K.L.:
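Let me give you the structure first, and then I'll get to my questions.
Positions are given from 1, in the same order as the sequence printed here. Everything numeric in this text was worked out from a predicted model, so none of it was measured.
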Amino acid sequence: MGRTTGIPTDVVPGSAGHTDHVDEACAAAERFVRAVVAVDPDGIVTALAPDARLRYLAPSGLVQIDGAARVATRLLDWFGGADVLQVQDLDVHGLADRVSARYRVRLHGEHGWEVIEQQLYLDGDETGLVATIDLLCSGFRPSGDRQAGSRAAHRFDAGTMGCADGLAQEFRRRVLAIPRGDILVVQTSDPAAKQDLPSLARMMGHTVRS
């Protein structure tokens, strides 16, 4: 005897033309979204229809912007001030006659480390460009890794390494590997390093604290 679950199981396949259209819309939306999170001005503008419309709801309220240039400017403003940007999650898929896109970005800027998540619903036009965008924004939230404005100290124990055997190169690599605003504490027994490393740090545009 058969068992019913109460969940409809009928499947009505769509036409091949409709499937192709959804696939094209998804591909166009993914190109657009990847340009947004890469802060790529050319990629954003070329993905938008000239009369594109962005309507978004952020913690500050509901806003509508019309025109590809103005839409691109607003989207670039969201992440343009970050000196480090990491895409933690990105998903694009068809949703009936629209495209759903969601991404989460972790970034470092003037307020320290933050995370932001945005959910978009997009429509394409007949030329394959993004025509309308409805966007819900979480706002910039503290990432939880570190309190905004605090600085982490990173220790580099160079031992007996001196500038003659690669200390300067390793120091430079260590400085470039830490987030902007953090502190690198160097310990070395090479007496010449006390003169050489501060000079190198200043040449790289960093502040020497001690």
Side-chain angles (χ1 to χ4, degrees), residues 30-47 56 58-60 69 71-92 101-120 135 137-210:
E30 183 162 353
R31 287 193 298 271
F32 167 73
V33 168
R34 290 191 180 278
V36 171
V37 297
V39 197
D40 175 9
D42 292 337
I44 294 174
V45 171
T46 56
Y56 69 88
S60 58
V71 169
T73 298
R74 180 64 191 94
L75 292 170
L76 289 166
D77 284 346
W78 250 308
F79 307 127
D83 48 59
V84 179
L85 190 149
Q86 303 166 344
V87 180
Q88 294 187 318
D89 188 29
L90 190 152
D91 176 60
V92 179
R102 180 180 60 81
Y103 48 81
R104 184 185 304 116
V105 173
R106 179 176 177 265
L107 68 166
H108 185 272
E110 61 178 332
H111 300 296
W113 286 99
E114 297 176 300
V115 64
I116 181 172
E117 186 169 296
Q118 296 183 336
Q119 170 71 51
L120 294 76
L135 185 154
C137 180
S138 68
F140 292 92
R141 322 308 305 174
S143 69
D145 301 349
R146 198 181 309 161
Q147 292 297 319
S150 67
R151 299 184 177 188
H154 305 262
R155 297 193 173 275
F156 169 33
D157 185 357
T160 60
M161 181 184 291
C163 291
D165 49 9
L167 176 60
Q169 291 85 346
E170 181 62 15
F171 171 79
R172 180 183 177 87
R173 187 187 72 80
R174 298 279 184 128
V175 169
L176 294 174
I178 67 175
R180 183 171 183 157
D182 283 6
I183 298 169
L184 181 66
V185 180
V186 182
Q187 181 176 344
T188 176
S189 60
D190 178 24
K194 193 170 183 179
Q195 299 296 326
D196 296 338
L197 295 187
S199 298
L200 176 58
R202 292 188 183 98
M203 287 176 59
M204 294 172 66
H206 299 288
T207 300
V208 178
R209 291 181 171 267
S210 172

K.L.:
Would you confirm whether Ser189, through its side chain, and Gly159, through its main-chain N or O, come within 3.5 Å as a donor-acceptor pair?
P.N.:
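Looks like yes, one N/O pair under 3.5 Å.
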K.L.:
Taking the six-membered ring for Trp, is the centroid-to-centroid distance between Tyr56 and Trp78 below 6.0 Å?
P.N.:
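They qualify: ring centres under 6.0 Å apart.
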K.L.:
Rounded to the nearest 0.5 Å, what's the gap from CG on Asp196 to CG on Asp190? Could you check?
P.N.:
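Taking CG in Asp196 and CG in Asp190, the distance rounds to 7.5 Å.
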K.L.:
Any idea which heavy atoms bring Ala168 and Leu197 closest together, and the distance?
P.N.:
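In terms of heavy atoms, the two residues are closest at CA-CD2, 4.4 Å.
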K.L.:
May I ask you to check whether Tyr103 and Gln118 show a side-chain donor-acceptor distance below 3.5 Å?
P.N.:
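Yes, because at least one side-chain N or O of Tyr103 sits under 3.5 Å from a partner of the opposite role on Gln118.
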K.L.:
Which heavy-atom pair separates Met161 from Thr188 by the least distance, and what is that distance?
P.N.:
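Closest approach of Met161 to Thr188, heavy atoms only: O-OG1, 3.3 Å.
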K.L.:
Let's go through Phe156 and Leu184 carefully: what are the C-alpha distance in whole Å and the side-chain angles of both, what is the deciding distance for side-chain contact (heavy atoms from CB on, under 4.5 Å) to 0.1 Å, and is it a yes or a no?
P.N.:
CA-CA 7 Å; Phe156 169 33; Leu184 181 66; 4.0 Å; yes
K.L.:
Using every non-hydrogen atom in the two residues, find where Ile44 and Ala72 come nearest and quote the distance to one decimal.
P.N.:
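Nearest pair, atom of Ile44 first, then Ala72: CG2-CB, 3.7 Å.
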K.L.:
Can you find a pair of side-chain heavy atoms, one from Arg202 and one from Val208, that are under 4.5 Å apart?
P.N.:
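Yes, at least one pair of side-chain atoms sits under 4.5 Å.
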K.L.:
Does the side-chain contact (heavy atoms from CB on, under 4.5 Å) test come out yes or no for Leu90 and Val33, once each step is laid out?
P.N.:
CA-CA 9 Å; Leu90 190 152; Val33 168; 3.9 Å; yes
K.L.:
Between Ser199 and Gln195, is any pair of side-chain heavy atoms under 4.5 Å apart?
P.N.:
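With C-beta onward as the side chain, the pair stays apart.
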K.L.:
Looking at Ile116 and Gly139, what are the two nearest heavy atoms and their distance?
P.N.:
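Distance-wise, the nearest heavy atoms are CG1-O, 3.6 Å.
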K.L.:
Identify the heavy atoms of Ser138 and Pro59 that sit nearest to each other, and give their distance.
P.N.:
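Of all heavy-atom pairs spanning Ser138 and Pro59, the closest is O-CG, 3.8 Å.
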K.L.:
Could you go through Val36 and Phe79, starting from their C-alpha distance and side-chain angles, then the distance that decides it, and tell me whether this counts as side-chain contact (heavy atoms from CB on, under 4.5 Å)?
P.N.:
CA-CA 8 Å; Val36 171; Phe79 307 127; 4.1 Å; yes
K.L.:
Evaluate the side-chain proximity of Val175 to Met204: yes if any heavy-atom separation is below 4.5 Å, no if none is.
P.N.:
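Contact flag for Met204/Val175 side chains = yes.
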K.L.:
Any heavy-atom pair between the side chains of Val105 and Val115 that's under 4.5 Å?
P.N.:
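Answer no - side chains too far apart.
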K.L.:
Side-chain contact, heavy-atom cut-off 4.5 Å: His154 with Arg174?
P.N.:
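No. Closest side-chain heavy atoms not under 4.5 Å.
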K.L.:
Can you name the nearest heavy-atom pair linking Pro198 to Ala193, along with the distance?
P.N.:
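Minimum heavy-atom separation between Pro198 and Ala193: CD-O, 3.4 Å.
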K.L.:
Evaluate the side-chain proximity of Leu107 to Val84: yes if any heavy-atom separation is below 4.5 Å, no if none is.
P.N.:
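Side-chain contact under 4.5 Å: no.
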K.L.:
Between CD of Gln169 and CG of Leu200, what distance do you get to the nearest 0.5 Å?
P.N.:
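Going from the CD atom of Gln169 to the CG atom of Leu200 covers 9.0 Å.
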K.L.:
Atom CG of Asp40 and atom OG1 of Thr46: how far apart are they, to the nearest 0.5 Å?
P.N.:
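One gets 7.0 Å once the value is rounded to the nearest 0.5 Å.
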K.L.:
Can you tell if the side chain of Val71 reaches within under 4.5 Å of the side chain of Thr73, non-hydrogen atoms only?
P.N.:
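Contact flag for Val71/Thr73 side chains = no.
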K.L.:
Heavy-atom distance under 4.5 Å between the side chains of Leu76 and Pro41, does that happen here?
P.N.:
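Yes, close enough: below the 4.5 Å cut-off.
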K.L.:
Determine the sole option in His108, Arg106, Arg104 for which the side chain to side chain donor-acceptor pair (under 3.5 Å) test with Gln86 is passed.
P.N.:
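Going through His108, Arg106, Arg104 one by one, the side chain to side chain donor-acceptor pair (under 3.5 Å) with Gln86 is satisfied by Arg106 alone.
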